[in-house]
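Have a look at the structure below, then the notes.
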Protein chains: 2
Amino acid sequence: MPAKTKHSNRVTLDDVAREAGVSAITVSRCIRAPEKVAAPSRLRIQAAIDRLGYVPHMAASALASRRTNVLGLIVPSVTNSVFSDVLLGVYDAIETTGLSVQIANSRYSPSEEETLIRTFLAQRPAGLIVSGVDQTPTGRALLEAADCPVVQIMDVTDDPIDMLVGFSHFDSAASVVRHFMEQGYRRPAILSARMDPRSQVRVSGFRREAERLGIFDPRRVVTTQGRSSVGTGCQLFADLMARAPDADCVFCNNDDLALGVLFEAARRNIRVPEALGVCGFNDLEISAYVNPSLTTVATPRYRTGQEAVRLVAVALGPGVEEAERHLRLEAKLVVRASSQPGWTGPTAP
Amino acid sequence: MPAKTKHSNRVTLDDVAREAGVSAITVSRCIRAPEKVAAPSRLRIQAAIDRLGYVPHMAASALASRRTNVLGLIVPSVTNSVFSDVLLGVYDAIETTGLSVQIANSRYSPSEEETLIRTFLAQRPAGLIVSGVDQTPTGRALLEAADCPVVQIMDVTDDPIDMLVGFSHFDSAASVVRHFMEQGYRRPAILSARMDPRSQVRVSGFRREAERLGIFDPRRVVTTQGRSSVGTGCQLFADLMARAPDADCVFCNNDDLALGVLFEAARRNIRVPEALGVCGFNDLEISAYVNPSLTTVATPRYRTGQEAVRLVAVALGPGVEEAERHLRLEAKLVVRASSQPGWTGPTAP
DNA sequence: CTGTTAGCGCTTTCAG
DNA sequence: CTGAAAGCGCTAACAG
């Protein structure tokens, strides 16, 4: 009977060490910091790992080192394609980092978000990515006290918790108003559902700029708390037509809503863009192909996910560049047929 | 100086035990199986936990018990709304189970999927949910040997690995062909991108039924390896018109493609449904609102996610109902304007 | 119903 | 550059 009886049949660090003729700690080092191990040992260890098919036990590693390789990501919704694009960026960027992502879904609820922040922090994550800049005071305090990199994404603020990558919803909305004005529209409306913080900022941006230009009218602001969808867009547009039929253009707080407006307008024989200019927000793939093609604001969702991960990875590394901690990305207006009365080109790309 | 110096400031099971005047193991039991602890102790322990703000250390628990509470979920894509709906079902169902989900993205690659299966299994997950029934032989072997519940989702097979919740892609496609026939169409086409196993099964289902009815023509099968999207739908439809302009109806392998067909047909002044019947697959929200509204096959995506989690939870519990291990759900044809030449109702709900 | 003992597999010192 | 010793925080397996 061997001196030490193994209960599990799992291949452990000790097995590898024995196979390679070194001690366990050397194998451990070889995995985490290969440059600190002499080349000959390194080769033997690598060979032993391959031969035995060793896979590190993350829980054991986490327990011993008091740190995990888990990057927590809190988003308001996983079905919203805005966030699924962010997620894609996160997945693509994570590959080179050795981290693993864990996603949580706050359902647009600040208190659920706070709970999730707690849960994640209890796991000692390697980093945490949260959506928006409007955490609860407690949530914010928890994040400020966290001993891991924290990245806020999807919006900008003067007062970030730690790192940040986002774009200005306020400015984007204002630029839409100006675009409508330039195209000759004079009575802009705005439609919005799911009044989450970022939607609200867009509504303010719209309002401010319209006021500045002297074309704001509160009758032309139609909102609902319900979730954003194509169906909601149809409904909100019907509401708008009932309340303020004189509206000559409409900024929809996202593309789903805008698509609904486009479809409902077609049913009512309201000509877009001649009788009604339409602009969405986000630039979903479909928006370029619908008839008429949809003017919208392209938001850097994929890039946001990618950069957020990169920021965490950099922060985890040795030298942190202070200059890189806040990334202000650009959201760009994409002008298509739905907002250009003088449009003469093709209806789709 | 106290007998035992704590290095970390984390609240541990021992702290709670001391506070409640019991031993650590009793606290541990109280958390995992409260009914095995006497009521008075239980109350004192609960109070101590609350007072101290104790949060269990998952890694330590995983190490000691050789099991995690992680439910692994492998999907081909996180942006595809089909899978994000599944995900939503998973998240909603997981809440009551005490498990946590970890998502991985195989990018429609069988070999990446195999790697992910390996990675997950190395973490000793509480359960594993995989998409489809076409794992690599090695992947399948790994899953068969896994000592945790495994659920295959999104398709059906006679030969599941362990548990299964899905619906028949083959039958769904066949029912679309019959529907076209009933509506008077006689020259059906099929468009498909991203030829993943389930898309291929739908193509076979279409082909088989069309052959049975004597209306199959290979010229009317247009496929591409590229990813499925609205833009691809426009493109494939253009290809179809070039190859087989006599097609009088088209089954699109998913709604994105179908939307593209609808838009491209409008641009070409091809009247739907009179000159061309269109049917999609999946029933995205937008499909009910587009003009004309889109006939499609409603797939039980949310429910699939929900049930998959439920199956795992049940399997993890004490008594497993053998009868419940395979869940065959129903995908239902939703007939709307785009496939009914005689349509007289409203264009949208 | 409760406690004792002995690790789970890895990493952190601190010495060589 | 390498190793020995000592846990990380929790739970399995017995005993009482």
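Keep in mind the model is a prediction, meaning the values are calculated, not measured.
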message = If you assign each of B:Gly21 and B:Ala60 to its closest nucleotide in DNA chain C, which residue comes earlier from the 5' end?
response =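 Result: B:Gly21.
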ask   = Do A:Asp92 and B:Arg107 meet the salt-bridge criterion of a basic N to acidic O distance under 4.0 Å?
value =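 Here B:Arg107 pairs with A:Asp92 in a salt bridge, since their nearest N and O are under 4.0 Å apart.
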Between [N] atom [atom2] and [X] atom [atom1], what is the distance in whole Å?
X: A:Arg10; N: C:dG7; atom1: CZ; atom2: C1'; answer: 16 Å
X: A:Leu13; N: D:dC8; atom1: CG; atom2: P; answer: 19 Å
X: B:Arg44; N: C:dC1; atom1: CZ; atom2: P; answer: 15 Å
X: A:Arg42; N: D:dT2; atom1: CZ; atom2: C1'; answer: 14 Å
X: B:Ile49; N: D:dC10; atom1: CD1; atom2: P; answer: 10 Å
X: A:Arg66; N: C:dT11; atom1: CZ; atom2: C1'; answer: 9 Å
X: B:Leu63; N: C:dA6; atom1: CG; atom2: P; answer: 18 Å
X: B:Glu35; N: C:dT2; atom1: CD; atom2: P; answer: 12 Å

Does [N] have its OP1 or OP2 closer than 4.0 Å to a side-chain nitrogen or oxygen of [X]?
X: A:Ser41; N: D:dC1; result: no
X: B:Ser23; N: C:dT2; result: no
X: A:Ser28; N: C:dT11; result: yes
X: A:Ser61; N: C:dT11; result: yes

query = Any side-chain donor paired with an acceptor under 3.5 Å for A:Thr138 and A:Thr136?
reply = no
ask   = Does B:Val75 reach the side chain of B:Ile103, with side-chain heavy atoms less than 4.5 Å apart?
value =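 In short, these two side chains touch, coming nearer than 4.5 Å.
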ask   = Looking at side-chain heavy atoms only, is the closest gap between B:Gln123 and A:His57 below 4.5 Å?
value = no
key: For A:Arg140, salt bridge (charged side-chain N to carboxylate O under 4.0 Å, His left out) partners two or more places apart   =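 So A:Arg140 forms a salt bridge (charged side-chain N to carboxylate O under 4.0 Å, His left out) with A:Glu144, A:Asp159.
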query = Run the side-chain contact (heavy atoms from CB on, under 4.5 Å) check on B:Val22 and B:Val37 step by step: do they pass?
reply = CA-CA 11 Å; B:Val22 295; B:Val37 172; over 6 Å; no
Of B:Val151, B:Val314, B:Leu71, the residue whose pairing with B:Val309 passes side-chain contact (heavy atoms from CB on, under 4.5 Å) =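 Filter result, single survivor: B:Leu71.
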Would you tabulate the nitrogen or oxygen pairs shorter than 3.5 Å linking the protein to nucleotides 12-16 of chain D?
| residue | atom | partner | partner atom | Å |
| --- | --- | --- | --- | --- |
| D:dA12 | OP2 | B:Arg32 | NH1 | 2.8 |

